[in-house]
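A note on names: the letters A, B, ... follow the listed sequences, proteins ahead of strands, and every chain is numbered from 1.
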Amino acid sequence: MRPQAAAGSRPSSATRPALVTGRAKVIPEATAPHMTLMTAMAAMCYLAVLAIGALLMTSAAVNSWTSQVASEVTVQISGADGVDVDGDTARAARILRDTPGISGATVVPAAEARRLLEPWLGKSAILDDLPIPQLINVSIDKASPPDLEGLRARLAAEVPSATLDTHRRWQAELISMAGTLTWLAIAVLSLIASAAAVLVVYATRAAMEANREVLEVLYLAGARDSFISREVLWRFCLTGLKAGLIGALLGFITFILLGFGSGRLAGPVKDFLYDPLGASSTSYLAILAVPVVATVISLITARLSISRVLKAMF
Amino acid sequence: MSIVRFENVGLRYGSGPEVLKDLNLTLETGSFSFLTGASGAGKTSLMRMLLLALKPTRGMITLFGENVGALPRSRLPDLRRRIGVVFQEFRLLDHLTTFENVALPLRIRGAKLNDYRDNVMELLDWVGLDHHANAYPPVLSGGEKQRAAIARAVVSSPELLLADEPTGNVDPALALRLMKLFRQLNQFGTTVLIATHDTHLLETFDVPVLQLADGRTEWLP
Ligand SMILES: Nc1ncnc2c1ncn2[C@@H]1O[C@H](COP(=O)(O)OP(=O)(O)OP(=O)(O)O)[C@@H](O)[C@H]1O
Ligand SMILES: [Mg+2]
């Protein structure tokens with residue numbers, strides 16, 4: 001017996017080989033295309049997770065701002081010449097307290113108003129000379145909000161120096177910014193998905209090209225496209241899933257690091273870590289969709305690509 | 001009943017000269033024939049056309065009563081499954097064991113390991129490779145590879161067996177044994193076509209010989 005033959009087989013023909021598994025993969029694994037694909041896909045999944053995370057954080061911030069802003073309006077009594085600021089303030093406050101749906105009206109003391117302006121104007125003496133408007137903070141009963149337009153009209157009629165600031169414009173701008181960011185994130189995510197699909201197409205071709213000889217033997221032995229597809233597909237499925245999980249994991253780690261590094265981001269990240277199913281963090285589970293989507297993209301693209309390559313090959 | 005029919009079949013590779021010209025031949029179902037001809041005469045090319053691995057540039061091939069030129073791609077596997085083939089260069093898959101290589105046609109047909117394990121082992125036993133069942137082709141000798149390739153070709157009991165130089169790498173005694181295996185299969189109903197230029201083999205067996213020369217075929221008397 002030739003020595004090298006003995007290495008892979010049992011020397012005795014009296015007993016049957018015990019290790020006849022017959023289960024080796026019919027198509028050898030072309031490792032190189034899969035490693036390349038996995039690395040690139042993992043990077044893309046990571047980017048996708050970052051995009052989703054950024055989107056979620058922005059929309060959470062916008063939500064919390066707009067709800068705070070919506071529960072508060074301000075009335076300003078302009079300090080122009082010839083206006084009885086104190087009298088107008090008292091009258092406006094009375095009207096406000098009379099209005100149903102308003103739970104409170106607090107006159108902001110002049111010192112406080114000055115402090116609010118300081119960041120813009122500095123601590124100089126100019127402030128003493130300026131006609132600083134008197135502010136009244138109005139809190140709204142969110143359960144039965146007041147008729148703000150009616151209130152505006154009544155103030156205009158009875159206290160001409162008073163203006164009602166509902167922050168509506170500010171709110172509208174925030175909402176439109178959030179909308180823009182959402183579209184931007186969707187565009188980035190679709191771009192990443194298409195790039196991933198293109199990668200999968202190339203990797204499929206490379207993997208099949210590397211195994212052309214094997215594929216031909218299978219073909220001539222009567223294999224159908226579906227058989228070969230199945231044999232090739234499971235590997236792409238696995239690569240997509242692995243890449244997605246790596247990307248998602250790196251994404252989480254990034255968020256945690258960012259969260260510890262910056263107080264502003266810490267909130268949502270902590271919410272997620274300590275209460276992953278809580279209302280404020282449920283949306284973070286969207287990140288877990290990344291590995292799923294990556295697998296699905298791999299599967300569908302590889303399936304289509306395999307059929308095309310097979311038809312072109314044989 | 002003919003299992004194979006060539007009508008005015010011509011073949012050229014790319015824009016080269018016609019390798020096969022105006023082939024007109026029939027193989028009867030259940031027949032046993034040799035295909036001979038000098039090296040480069042086109043024996044392998046003819047077999048590749050029979051295996052639907054190569055399309056003729058002109059003419060019509062009828063296989064199992066079907067005009068193969070008119071068949072959609074999706075029907076070809078069905079026809080190929082009725083054919084067993086021993087390639088001249090074996091074409092065993094190096095990453096599969098001898099057992100797995102031989103069982104490949106069964107696996108492709110969706111058979112379960114538990115259903116075919118014994119049959120495959122029996123066949124390996126028959127061709128003298130049972131103790132190499134777990135060896136990979138790169139460590140097999142030329143003759144051992146050849147026997148593995150033959151076992152793979154016959155494992156699915158094909159209706160048509162095409163063997164390209166199946167005795168090229170074995171000693172005369174083993175060649176005779178393998179020929180007996182082919183004869184046995186033929187007695188069970190398999191149509192056999194064996195390409196060879198082993199004149200000794202042609203003399204030993206009294207079977208029809210198809211001679212290929214100048215791109216044309218001719219039955220030798
Ligand atoms: N893929 C190919 N591309 C171009 N020419 C080819 C190809 N395959 C074979 N040929 C040519 O076709 C002719 C017939 O080759 P073929 O392999 O069919 O001969 P053969 O009878 O099997 O020879 P041998 O006995 O040496 O195996 C040869 O001249 C060869 O050069
Ligand atoms: Mg040849």
Atom OH of Y13(B): over 12 foreign heavy atoms under 6.0 Å: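 Counting neighbours around OH of Y13(B), more than 12 heavy atoms of other residues, nucleotides or ligands fall under 6.0 Å, so yes.
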Over 12 non-hydrogen atoms of neighbours within 6.0 angstrom of CZ in R5(B):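 Open.
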Proximity breakdown for I27(A) and chain B, heavy-atom pairs closer than 4.5 Å: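 The answer is the backbone of I27(A).
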Part of [X] within contact of chain A (heavy atom distance under 4.5 Å):
{"X": "R73(B)", "value": "side chain"}
{"X": "R48(B)", "value": "side chain"}
{"X": "R82(B)", "value": "neither"}
{"X": "L51(B)", "value": "both"}
{"X": "S74(B)", "value": "backbone"}
{"X": "A53(B)", "value": "both"}

Shortest non-hydrogen contact from [X] toward [Y]:
{"X": "V26(A)", "Y": "H95(B)", "value": "O-NE2, 2.7 Å"}
{"X": "G222(A)", "Y": "P77(B)", "value": "O-CB, 3.6 Å"}
{"X": "I108(B)", "Y": "A221(A)", "value": "CD1-CB, 3.7 Å"}

Considering heavy atoms only, which positions within residues 169-196 of chain B lie below 4.5 Å of chain A?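 If one takes a 4.5 Å heavy-atom cut-off, no residue of residues 169-196 of chain B lies near chain A.
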Nearest-0.5 Å distance that lies between atom CG in L93(B) and atom CG in L215(A):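 Here the rounded value is 10.0 Å.
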Side chains of E213(A) and D94(B) in contact at under 4.5 Å (non-hydrogen atoms):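 Side chain of E213(A) against side chain of D94(B), heavy atoms only: no contact under 4.5 Å found.
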Does R224(A) reach the side chain of D78(B), with side-chain heavy atoms less than 4.5 Å apart?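 In short, these two side chains touch, coming nearer than 4.5 Å.
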Verify, without hydrogens or angle tests, whether R80(B) (side chain) and L220(A) (backbone) share a donor-acceptor contact under 3.5 angstrom.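 Answer holds: no.
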